[in-house]
Amino acid sequence: MSNAYPAGAPRSAERSASAGRPVVDLRSDTVTRPTAAMREAIARAEVGDDVFDDDPTVHALQQRSAALLGKEAALFMPSGTQANLCALLSHCQRGDEVLLGQYAHTYRYEGGGAAVLGGIQPQPLAQQSDGSLLLADIEAAIKPDDEHFARTRLLTLEDTWNGQVLQQAYLDAASSLAHRHGLSTHLDGARLFNAVVASGVAAARLTEGWDSVSFCLSKGLGAPVGSMLVGSRAFIDRARRQRKMLGGGMRQVGLLAAAGLHALDHHIDRLADDHRLARRLAEGLSALPGVQVTPPDTNIVFATLASGQGAALLAHLEADGILATGLLGLRFVTHLDVDAEGIDRTIASVRAFLRSPERA
Ligand SMILES: *Cc1c(COP(=O)(O)O)cnc(C)c1O
């Protein structure tokens with residue numbers, strides 16, 4: 001739990017000692033490596049100094065991202081964590097409050113940055129099994145305008161949440177509710193394009209009710225580094241100032257922006273392949289005795305063993321050259337460096353584990 005992404009594990013391009021076959025790395029879609037075509041795009045990139053705001057490739061990526069989401073402006077960020085932090089710092093003042101899910105990445109997995117650096121109070125709310133917050137809970141958590149309370153300023157949701165796609169009607173209702181109460185809205189869309197591809201809802205429509213949106217280039221989209229923060233011109237101007245303060249102003253970063261542009265051109269539609277592989281894995285695992293699998297919406301498969309031997313299974317898989325994590329149950333993430341053969345090897349390895357005599 002404390003170490004979801006173990007360091008020192010074998011890398012996907014290396015060979016596992018056991019079988020001499022490539023490692024199947026299902027720990028996260030962050031492990032993807034730039035393709036040959038992406039490396040060429042990086043090598044060809046025109047660059048400038050982005051702190052002087054004159055890197056043409058960064059400009060192109062920012063314009064593309066804003067256009068894709070139907071918003072005015074965008075900002076290239078070093079990471080999703082910094083994109084979310086800049087968003088919260090740009091929406092909120094010290095003493096303001098953000099409503100978010102108790103398991104939201106922004107609440108749990110970003111070092112409490114908004115509280116540490118922004119004096120922003122998080123108000124975590126219980127999440128439903130699909131990751132949503134009840135509208136009634138959101139409404140009840142909005143504090144009255146009274147000196148006893150922090151000023152409730154922002155609602156943040158996450159889509160996909162643990163690989164699940166939030167319903168469009170819910171996203172619309174939640175953002176309208178927030179706006180009705182004078183709150184701003186931020187969508188943590190680290191895996192936004194997985195939601196877009198799975199739902200068939202265009203990115204601009206999906207994010208319509210959200211004043212700002214972050215999405216990662218470095219996960220399923222396959223870029224080595226980077227996230228985008230998207231919103232109104234005035235919001236992005238504030239975020240740019242925050243990014244500089246946080247040390248996120250980068251110079252000839254068009255090299256990385258070129259990878260991001262390549263990802264937006266070539267790696268969105270192919271997310272459907274990752275989703276197909278996730279379904280293949282889910283179907284294969286759920287056919288095995290004693291394995292419970294949550295049917296995946298996108299590229300993340302969660303499974304639990306009735307025997308409770310998840311940790312032993314992870315060790316068995318690793319010895320077989322297959323990497324996964326145990327964050328909330330066993331977690332397997334598909335991405336562009338995984339193929340059907342790797343998925344079938346994973347299913348076979350779990351089957352062998354369950355059949356081994358000492359498990360009987
Ligand atoms: C990965 C992720 C982030 C942050 O991404 P980093 O680039 O690793 O900082 C934020 N939110 C969600 C939901 C994520 O999955």
Side-chain angles (χ1 to χ4, degrees), residues 30-92 106 110-111 113-114 116-118 186-190 192-193 203-204 207 210-268:
T30 57
V31 302
T32 51
R33 301 179 173 208
T35 61
M38 183 178 279
R39 287 169 190 264
E40 276 173 35
I42 293 170
R44 279 196 312 269
E46 263 188 76
V47 298
D49 185 322
D50 186 48
V51 174
F52 289 132
D53 203 14
D54 65 11
D55 186 305
T57 309
V58 172
H59 285 169
L61 174 62
Q62 292 177 165
Q63 280 158 16
R64 262 308 284 295
S65 302
L68 261 174
L69 271 60
K71 306 217 183 282
E72 287 173 3
L75 194 59
F76 184 59
M77 306 292 306
S79 69
T81 297
Q82 195 175 108
N84 286 331
L85 177 56
C86 276
L88 267 61
L89 292 173
S90 302
H91 284 299
C92 300
T106 307
E110 296 177 11
V116 173
L117 298 165
H186 173 68
L187 187 67
D188 176 356
L192 177 72
F193 287 98
T207 61
W210 299 82
D211 299 316
S212 61
V213 181
S214 57
F215 69 84
C216 287
L217 298 163
S218 60
K219 290 188 169 163
L221 294 180
V225 177
S227 281
M228 302 306 298
L229 181 60
V230 189
S232 69
R233 171 46 61 199
F235 169 83
I236 291 298
D237 287 347
R238 292 198 299 279
R240 189 177 169 91
R241 174 170 273 281
Q242 303 291 352
R243 185 186 67 174
K244 187 77 182 89
M245 180 190 76
L246 295 171
M250 299 178 286
R251 301 293 178 172
Q252 284 72 41
V253 72
L255 294 176
L256 297 176
L261 273 170
H262 182 86
L264 294 180
D265 283 338
H266 301 286
H267 292 171
I268 293 181

Seminar exercise, completed: Heavy atoms of S65 and A74 approach each other most closely as CB-CB, 4.0 Å

Exercise. Taking the six-membered ring for Trp, are F193 and F215 parallel (under 30°), tilted (30 to 60°) or perpendicular (over 60°)?
Worked result: perpendicular

Exercise. Residues in salt bridge (Lys or Arg N to Asp or Glu O under 4.0 Å) with D54, at least two apart?
Worked result: none

Side chain to side chain, [X] and [Y], heavy atoms closer than 4.5 Å:
{"X": "M228", "Y": "L68", "value": "no"}
{"X": "L217", "Y": "L256", "value": "no"}
{"X": "L69", "Y": "L192", "value": "yes"}
{"X": "L88", "Y": "H186", "value": "yes"}
{"X": "R240", "Y": "D53", "value": "yes"}
{"X": "M250", "Y": "V51", "value": "no"}
{"X": "T35", "Y": "H267", "value": "yes"}

For this session: Count the heavy atoms belonging to other residues, nucleotides or ligands that lie under 6.0 Å from CZ of R251, then report whether that count exceeds 12.
Result: yes

Does the [X] side chain pair with the main chain of [Y], one donor and one acceptor, at a distance under 3.5 Å?
{"X": "R233", "Y": "E72", "answer": "no"}
{"X": "K71", "Y": "W210", "answer": "yes"}
{"X": "R243", "Y": "F76", "answer": "yes"}
{"X": "R39", "Y": "P34", "answer": "yes"}
{"X": "S214", "Y": "L229", "answer": "no"}
{"X": "Q62", "Y": "A73", "answer": "no"}
{"X": "Q242", "Y": "C86", "answer": "no"}

How many angstroms lie between atom [atom1] of [X] and atom [atom2] of [Y], to the nearest 0.5 angstrom?
{"X": "T207", "Y": "L187", "atom1": "OG1", "atom2": "CG", "value": "7.5 Å"}
{"X": "L246", "Y": "S79", "atom1": "CG", "atom2": "OG", "value": "9.5 Å"}
{"X": "Q82", "Y": "M77", "atom1": "CD", "atom2": "CE", "value": "4.0 Å"}
{"X": "L261", "Y": "I42", "atom1": "CG", "atom2": "CD1", "value": "11.0 Å"}
{"X": "L221", "Y": "D265", "atom1": "CG", "atom2": "CG", "value": "11.0 Å"}

For this session: Classify the side-chain pair D50/H59 by whether it contains a donor and acceptor separated by less than 3.5 Å.
Result: no

